[in-house]
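Naming: A, B, ... by sequence-line order, numbering from 1 per chain.
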Protein chains: 2
Amino acid sequence: MEYNHVTPAVVADLEAIVGAKYVWTDRDKKIPYGQDEGTGPACLPDVVVLPASAEELAAVVRLANDAVIPVIPRGTGTGLEGGAVADSRGGIVVSTERMDRIVEINEDAMYMVVQAGVITARIQEEARKRGLLYAGDPCSGDCCCIGGNGATNAGGNRAVKYGTTRDQIYAIEVVTPTGQIAHLGKRLHKMTAGYPLEKIVIGSEGTLGIITELTLKLVPLPRATAHVLAVFPSPETALALVTALPKAGITPTCLEFMDYDVISVVQDWLKEKQPCPAGGAYMIIQLDSSRDETLDDDCVTVDEVCRRLGAVDVFMADADKVWKARKAFTEASAADCPVAAMEDFVVPPDRLLPFMERLRDLGQALGVVFRGVSHAGDGNIHLDVLRKGFADEGDEKQKVAAFEDKACQAAYELGGAISGEHGIGQARKALFAKYTDPVELALMKAVKQAWDPKNILNPGKIFD
Amino acid sequence: MEYNHVTPAVVADLEAIVGAKYVWTDRDKKIPYGQDEGTGPACLPDVVVLPASAEELAAVVRLANDAVIPVIPRGTGTGLEGGAVADSRGGIVVSTERMDRIVEINEDAMYMVVQAGVITARIQEEARKRGLLYAGDPCSGDCCCIGGNGATNAGGNRAVKYGTTRDQIYAIEVVTPTGQIAHLGKRLHKMTAGYPLEKIVIGSEGTLGIITELTLKLVPLPRATAHVLAVFPSPETALALVTALPKAGITPTCLEFMDYDVISVVQDWLKEKQPCPAGGAYMIIQLDSSRDETLDDDCVTVDEVCRRLGAVDVFMADADKVWKARKAFTEASAADCPVAAMEDFVVPPDRLLPFMERLRDLGQALGVVFRGVSHAGDGNIHLDVLRKGFADEGDEKQKVAAFEDKACQAAYELGGAISGEHGIGQARKALFAKYTDPVELALMKAVKQAWDPKNILNPGKIFD
């Protein structure tokens, strides 16, 4: 597809739709919209547009279709893979930041209707004030927006128990790739009436539609929370917990794994001896319940299961103490060595151990050093590949690429995937294309082509 | 699309694929495949084919594409809306009944891989033997098959707590409309890597693909179960429980509503006085837990909430006693009066009361008498429209149609839909088309058209 750039005439049309104040062609104003939290260099769009409503946004998309100009939907730009950034084709970045209204909160029926630009932490806080929980909880919650959470199917800290963003959403209002407004999904607990299209628009990284409004599920705020640190003599014994806990009827809210390498780096950084034997591993377990008694019973079960698997210590303590080492990791690791690449693999939780063994072997074979922490409960591993031991930039680039390719292959061979929560964006699309079932990939592209015949909406994201 | 009928040459080709023994053109053998559990007259396909594998099934679909012949996928034919039955175009009914192998059961990682033709009750039983629960539980579980459950996103008794069939499925193997084999979904707890196409194939009633194998979630078998019957002075007070229980942190496994009309019919049939005041209503509440103590606490909470809402009696008793009236309903109602139509509306649970009031007013205005029971916990209402008070068959047909249309309109106005679990099939497609958001409907049809350009797979189902 040959795209056009934004001309002064198009700018005038955009100004007529959203008002001149909200159409930015000025370089300085565009710069923050030319990047995300990933590491790529800025790539500026032709123009940034800030519509005030779904209707205005739909008119922008219709205009882009007529003029054959790419539209790049953007929340607050906290992504890591270039999904909300223009590529060399330029185009129109459409930011949802002005659509930041909480439309409705129903405490009895436990739902909230919000516009796409509402910051996630505000949703959590409005729910909390009413004794309710919005369970979505990406790590960037205080600055990301809910439309972006929906577009990327954001995961985060509580996904083990509550699922990802897709699981928190009843329904969405969406601007389609051709600029129509669709209402997908309903506030229902069951339905069999056609195809639940909201489920594929959510997580489509803005390629199948721009989410403008969301109806979110709320649940009662847990009244009791416990934080447990279990120290194991080895990664093997620790990782056995990932299947043993659910089997024992325990669904933790968080289940985080740290190996001895990671613990050592944190120990040096914190200058505080960690209670972990050499070669050992931590499991951090957060439990939530509606009742103190149930929580106490759950803690007893967790303690029993950990000790049965060989835990050398099981602490129950306040959150700060238990989470201290985990929360220090990013800072400690960055202080120790710069990061060459960040990875986001996911495998079935019971296959974490073989996957970690494959990664270790790969790192040794390729001369790549990495550290990783894992949202073990949902099989999601974040690796920091370290800028360490490479001859030069070219050597680093080549070895990191080889490691990513082979690690990705290992993930798929074990039934996993290239991304648990960061998405594909621009950065991962080559590996995604290489390792996805070709029939599945063709079916995905057929949906995209059918809904977006001119490939206007976020071209070059997920797929080439 | 002009379709062709099955010629002797096509039959020979089908025989070459699956073996002559499994290609049936004989009228007597085809008759059971020309109907479902709904009330329509039999409509025979040209041929019934029973492949032994996904590969054979895919070859049949490729042949049908080349010859432009409809393919109608079929499980055990327990549907109600004609989804697994040929229409006047004839074609090839493909039954998955020979694909009935349990491929893998992993007790530790709690999943089961099964072929599409496995009977649902067998899956439940194999799980139960291992201390695990397969949570899908359609009412026809002892004779329906899991592929059909997936194709229709079957609901059933435990959907309040565990969700519908879609929620029980990690991954599916699918024969696409053009006869390729795709593997959709993965045994993962989180993933953001393209579009989760399995979610739209599940529930597509065989229009987007034929499910040949499923990877199912299992959970620990609850160790403690309680059955509660709460008697309320009015439908209003009873239905308040639907939002009050989740708000109190209780997720019942079942939450069933019966009004006084229904209770009276059952009372006459059972010849047993029911403990319900005139104008009152029942709520049947099933609670499951992994622990006796937690269950006891839950029962106390349920009792408190029911009494706070005005319940005149709350019994905790054995299952037979509590469920007796509910289970007698179908037989009691049919004995009292033949059924002219069965409905399957769904609305947000908190809108059940206004929906029931709209239905009552509609019935009175149109001269239509009905009885209904509700899976209240998930907002799903099944109505028996009675063959009562009509002048003749034409009068019945016209009034029932008018009632269905207006009831459907009311459901959509309240945020609901035409079907909670029965699906659209052939029987509901006119109302589905009338009340679905036209933009949404066009997007659905675009997916179908893109994946199935010749409209080979189950044409005339869901859409015209």
Pair count under 4.5 Å, heavy atoms only, with chain A: among B:Val160, B:Ile418, B:Asp298, highest is B:Asp298
Given the options A:Arg166, A:Met444, A:Lys461, A:Met191, which has more heavy-atom pairs under 4.5 Å with chain B than any of the others? A:Met444
Residue part contacting chain B, namely of A:Leu132, when any heavy atom lies under 4.5 Å: side chain
Checking A:Thr436 against chain B: side chain, backbone, both or neither under 4.5 Å from a heavy atom? neither
Among the options A:Lys429, A:His189, A:Gln449, pick out the one with the most heavy-atom pairs lying under 4.5 Å from chain B. A:His189
Heavy-atom proximity to chain B below 4.5 Å, by part of A:Pro349: side chain
Of B:Thr207, B:Asp167, B:Leu208, the largest count of non-hydrogen pairs under 4.5 angstrom with chain A goes to B:Leu208
Atom group of B:Phe463 that falls short of 4.5 Å from chain A, counting heavy atoms: side chain
Return yes if some donor-acceptor pair links the side-chain N/O of A:Asp437 with the main-chain N/O of B:His183 below 3.5 Å, else return no. yes
Within the distance-only criterion (no hydrogens, no angle test), does the side chain of B:Trp451 pair as donor or acceptor with the backbone N or O of A:Ala446 below 3.5 angstrom? no
Do any N or O atoms from the side chain of B:Thr192 and from the backbone of A:His422 form a donor-acceptor pair under 3.5 angstrom? no
Out of B:Leu443, B:Asn153, B:Asn380, B:Thr164, return the one with the most heavy atom pairs under 4.5 angstrom to chain A. B:Leu443
If you count heavy-atom pairs under 4.5 Å between each of B:Gly203, B:Ala248, B:Pro246 and chain A, which one has the most? B:Pro246
